[in-house]
2 protein chains.
Amino acid sequence: MSWRKEQRRAERGYHHGNLKEALLQAALDLIAQKGAAGFTFADAARMAGVSPAAPYRHFRDRDELLSSIAQRGFEQFEAALAQAWDDGRPDTVTAFERVGKAYLAFAREEPSFYSAMFESGLPSDANPALMAAGERAFAVIRAAAERLAALAPPGVPRPPAMMMALHIWSMSHGVASLFARGDAARRKLPMSPDELLEAEVLIYLRGLGFATDGRAQDGKGQADEKPAGPWGKPK
Amino acid sequence: MSWRKEQRRAERGYHHGNLKEALLQAALDLIAQKGAAGFTFADAARMAGVSPAAPYRHFRDRDELLSSIAQRGFEQFEAALAQAWDDGRPDTVTAFERVGKAYLAFAREEPSFYSAMFESGLPSDANPALMAAGERAFAVIRAAAERLAALAPPGVPRPPAMMMALHIWSMSHGVASLFARGDAARRKLPMSPDELLEAEVLIYLRGLGFATDGRAQDGKGQADEKPAGPWGKPK
DNA sequence: TGGCTCATGTAAGAGCTCTTCACATGAGCT
DNA sequence: AGCTCATGTGAAGAGCTCTTACATGAGCCA
């Protein structure tokens, strides 16, 4: 009763032709359905229409497939963040907030990548290329923080950009992994994850002395205006 | 060559007597070693010295065992946070920071619990008791935020306590899961996770208008003293 | 065109896990 | 003493991971 498999083979010949890509795609789909833990090498093979042994021609391991996905994820993540940052245009604070939104958007729209990247429990020393890709993604946040730190108001010691970057990253990751994904999002929130993160970052930046209200802060700032606060209007 | 097993049985008789507890403990140990994903039902049975089928008398599933652990984790977590909070003594801000430290300490000292709680990919609707335990733990943070919000300086619209609680939680979870655990901690940081989180929370609170320097803020605050900032001294 | 070679796929199998079943044991009650 | 039922066992099916030996055919070279 394996006419199904026979037929598939008839359609595409003995050689698949693009198995590596097909496996990566299949794995993404499977992770989306069943989570990074539930995904199975054999399942990916089945989905690609090849025998369970075929994937071993392209990936040493189930883990290597997973870390390939994570690596790609970091690359796309970096691209998304970099595009959102857009080198700080039109102004640093606006661009910075856009980065936060892009972070959440990625976590929401690419949950498979996100969980391969952060929740797959891969030994971090397994794949140097993976680590490097992660570093590059973080570098975008760090560069943005650098620029932001340079705008810090005088009079107060300037916050270390590295620290700011780590803070922003931890907020983003915290919101993303607690509230913005799959059934974790079932917790009933008083606001959307995006709003939550935006408020969080705004409050944080204000704590650093930034005037985060009028947005255009790069020079001519209207500093103190009794701001409405980053949380909506009181009812 | 199974004299080993025979001997164990001789020691403890046909019935284990406390298998459920033994399994939970074994699972914790295994998760600590190999991560929540790598842990195996059969392994736990072996470690407890019983046959692979025995655990099924106590847990419907591998997942049910995992969620039992997560539930216990939340209970201990709640206890740890509540103890740290100590009903806001000696003053709200100090106690609040203690909660943050307790959060990280738990993540660091009980990584098995922490990953069962937050990284095991359990369907959140699987176990109502689990969800309830999670809620109770969060309630501690929320209660603390409530008290803190009540101290918010006048003149600015008071921040919603729920939002503050979610913010604090996301920061804590973000720092914990990115920097304070296992080989994720291999990222070379300019400061310890504890310091990182403390600074983050302090900056955040300052952004809400709290004077977070002299600590005693509940009444007689020395408000403005050109604070050194929550990041150490500039070198 | 014919023939080589090697990357890519397959089949079969060992060893593992999960889970279920019928059956064994003995702790605690009557 | 005898019953009963919770608790543990052994065997077995189904699935997964990964290895090994073998099959196929695409690309190259003459």
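This structure is a prediction, so every number in the text was calculated from the model and none was measured.
Put simply, CG on B:L23 and CG on B:N18 are 9.5 Å apart, with the number rounded to the nearest 0.5 Å. Atom CD1 of residue B:I168 and atom CE of residue A:M171 lie 9.5 Å apart, to the nearest 0.5 angstrom.
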Anything under 3.5 Å between a donor and an acceptor, one on a side chain of residues 114-123 of chain B, the other on a protein residue two or more places apart or in another chain? List them.
residue : atom : partner : partner atom : Å
B:Y114  : OH   : B:Y103  : OH           : 2.9
B:Y114  : OH   : B:H173  : ND1          : 2.7
B:S115  : OG   : B:P111  : O            : 3.1
B:S115  : OG   : B:S112  : O            : 3.4
B:E119  : OE1  : B:R181  : NH1          : 3.3
B:E119  : OE2  : B:R181  : NH1          : 2.7
B:S120  : OG   : B:A116  : O            : 2.7

Could you tabulate the donor-acceptor pairs under 3.5 Å formed by side-chain atoms of residues 128-138 of chain B, not counting sequence neighbours?
none

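An OP1 or OP2 oxygen of C:dA7 is reached within less than 4.0 angstrom by no side-chain nitrogen or oxygen of A:H58.
Among C:dT10, C:dG9, C:dT17, the nucleotide with an atom closest to any side-chain atom of A:R57 is C:dG9. Checking D:dC16, D:dT9, C:dT10 against the side-chain heavy atoms of B:A53 singles out D:dT9 as nearest.
Rounded to an integer number of Å, the gap from B:F59 CZ to D:dT7 P is 12 Å. Rounded to an integer number of Å, the gap from CZ of A:R46 to C1' of D:dT17 is 13 Å. Atom CG of A:D61 and atom C1' of D:dC18 are 9 Å apart (whole Å). For the pair B:L65 CG and C:dT17 C1', the interatomic distance rounds to 15 Å; values are reported in whole Å. The distance from atom OH of B:Y56 to atom P of D:dG8 is 15 Å, rounded to the nearest whole Å. Computed from coordinates, the A:L23 CG to C:dG9 C1' distance equals 12 Å when rounded to whole Å. Atom CD in A:E64 sits roughly 15 Å away from atom P in D:dT17 (whole-Å rounding). Across the protein-nucleic acid pair, B:M47 atom CE and C:dT17 atom P stand 12 Å apart, rounded to whole Å.
At the heavy-atom level, A:A42 lies under 4.0 Å from the strands shown only through sugar-phosphate atoms.
The closest donor-acceptor contact from the side chain of A:R98 to the backbone of A:R89 lies under 3.5 Å.
B:D29 and B:Q25 are linked by a side-chain donor-acceptor pair at a separation below 3.5 angstrom, with hydrogens and angles left out of the test.
The closest side-chain heavy-atom distance from A:F106 to A:L104 is not below 4.5 Å.
Of all the residues in residues 28-41 of chain B, B:T40, B:F41 reach under 4.0 Å from DNA chain C with at least one non-hydrogen atom.
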